[in-house]
**Student:** 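Attaching a single structure in structure tokens format; questions to follow.
Note that the coordinates shown come from a computational prediction; the quantities given were computed from them, not determined experimentally. Throughout, protein chains are lettered first and strands after them, A, B, ... in sequence-line order, and every chain is numbered starting at 1.
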Protein chains: 2
Amino acid sequence: MDVRTICLGILTRDDATGYQIKKAFEDDGLQHFVEASFGSIYPALSRLTEEGLVSVRAEAQEKRPDRKVYSITPAGRAAFIRALMKALPEDRHRSPFVFAMLFSDLLPPARVRALLDDYIAQSEQKLAHLQQKASEKLMPGERFAIDFGHTMYTAMIDFLRARRADVEGQALQAAE
Amino acid sequence: MDVRTICLGILTRDDATGYQIKKAFEDDGLQHFVEASFGSIYPALSRLTEEGLVSVRAEAQEKRPDRKVYSITPAGRAAFIRALMKALPEDRHRSPFVFAMLFSDLLPPARVRALLDDYIAQSEQKLAHLQQKASEKLMPGERFAIDFGHTMYTAMIDFLRARRADVEGQALQAAE
DNA sequence: ATCGATTTATATCGGACCTATATAGGGCAA
DNA sequence: TTGCCCTATATAGGTCCGATATAAATCGAT
């Protein structure tokens, strides 16, 4: 989803600064499915303001640059709903890990084992974070997203652990 | 994974044109985890050639522009292995679908049901394609990638179907 | 008490990448 | 025979990310 729409979505829930829009995803366990960088959020917010889809108020602070707090306008809200009503872009899952495993025959077996171990450890961490989120009070949409992630990572880890065991078995056999 | 490394990987298996490099992923059921567009493949190939990591031979064809067939050089092969030996970029799964579901409370219930139905149908199609690939003879790396995808889509579809049933139940209740 | 690390906050530049488009001949189907 | 899809290369425009700069507050450790 384009950054403009992501910004509008967050502002649908509450007013926020550019910084808070980025944080909104990082902390909420949604970073596995949606994210945007500062380098695209700030320009998006400027354009959205020009187009009247959001409004800004500069909150002056002592000895700090102004915080620019953005709010969604009625026009912005309508544009956001319109964006969700038409055909969505397709999911894209890009995995350097799977790519590397494609060429496992070219790599030292120790590297393949490390690749698997690292990826499993990473996934377990993400799952733990998701599990913690799942135990909190959530809006229905968030509940869906967190449970979705939980399902995916659980299935992934099961699969990976089984393969990891296979590789270990083959390594032992080869050592005989 | 950056496009340069993706190109080197494909050329590790066989010589190919830019066009074939793109096709290699589309047909092999790997498009869910790795992809690159023509707009990035062609410039990548040019740079790789300049750097001596690949070589080109122009195959003249009757009444057609030359096909440029690329081959990986020993230096390219070494660079590819090096890329796979150091830390990999993290996976990124971007899902406009999950993003939209986050805001299901703002959408008409019929739209939410359509979102779920479309996504389930799409996933079933991808799973079917993966299942067909899984029945073919594959290299170990490909076997891993296809089975990985199979696992993920199966788990996803199970989850989605359960949620879809919940939504239907709620709609019936509300209609009473 | 103070030094360093982290957090809050905005912003820009360069580069990587994608989408759309142009070009062009071949084969195939209606 | 008209139109569409496939092979094939290439570029322009635009989106987005990663790195970097700046700056002050806060918090933990020594």
**Student:** Which pairs, with at least one residue in residues 38-60 of chain B and sequence neighbours excluded, count as a ring-ring contact (aromatic ring centres under 6.0 Å, His included)?
**Tutor:**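 Pairs touching residues 38-60 of chain B that pass the test: B/Tyr19-B/Phe38, B/Phe38-B/Tyr42.
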**Student:** Would you list the pairs meeting salt bridge (Lys or Arg N to Asp or Glu O under 4.0 Å) in which at least one residue belongs to residues 68-77 of chain A, sequence neighbours left out?
**Tutor:**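 The answer is none; no pair qualifies.
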**Student:** Who passes ring-ring contact (aromatic ring centres under 6.0 Å, His included) against B/Phe80, sequence neighbours left out?
**Tutor:**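 Partners of B/Phe80 under the ring-ring contact (aromatic ring centres under 6.0 Å, His included) test: A/Phe103.
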**Student:** What bend angle does the helix from C/dA1-D/dT30 to C/dA30-D/dT1 show across its length, from five-pair end axes and to the nearest 10 degrees?
**Tutor:**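 Angle reported: 40°, given to the nearest ten degrees.
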**Student:** State plainly whether the residues A/Lys126 and B/Glu90 are in salt-bridge range, i.e. N to O under 4.0 Å.
**Tutor:**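 Result for this pair is yes, salt bridge flagged.
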**Student:** Measure from NZ on B/Lys23 to P on D/dT9 and round the result to the nearest Å.
**Tutor:**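 Rounded to the whole Å, the gap is 12 Å.
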**Student:** According to salt bridge (charged side-chain N to carboxylate O under 4.0 Å, His left out), who are the partners of A/Arg47, at least two apart in sequence or on a separate chain?
**Tutor:**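 In terms of salt bridge (charged side-chain N to carboxylate O under 4.0 Å, His left out), with neighbours along the sequence ignored, A/Arg47 is linked to A/Glu51.
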**Student:** Rounding to an integer number of Å, can you tell me how far B/Gln20 CD sits from D/dC6 P?
**Tutor:**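 In whole Å, D/dC6 P lies 16 Å from B/Gln20 CD.
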**Student:** Please state how far atom CD in B/Glu26 lies from atom P in D/dT7, giving the value in whole angstrom units.
**Tutor:**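 Atom-to-atom, B/Glu26 to D/dT7, this comes out as 10 Å.
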**Student:** Sorted by first residue and then second, give each salt bridge (Lys or Arg N to Asp or Glu O under 4.0 Å) pair with at least one member in residues 148-162 of chain B; sequence neighbours left out.
**Tutor:**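 Qualifying pairs: B/Glu124-B/Arg161.
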**Student:** Run the ring-ring contact (aromatic ring centres under 6.0 Å, His included) test against B/Phe33 and tell me which residues pass, sequence neighbours left out.
**Tutor:**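 Here the qualifying residues are A/His93, B/Phe148.
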**Student:** Using the salt bridge (charged side-chain N to carboxylate O under 4.0 Å, His left out) criterion, which residues pair with A/Arg163? Sequence neighbours excluded.
**Tutor:**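 Per chain and number, A/Arg163 pairs via salt bridge (charged side-chain N to carboxylate O under 4.0 Å, His left out) with B/Asp147.
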**Student:** Summarise how protein sits on nucleotides 13-19 of chain D as a single string, 5' to 3': B when a protein heavy atom is under 4.0 Å from the base, S for sugar-phosphate-only contact, - for no contact.
**Tutor:** --SSBB-
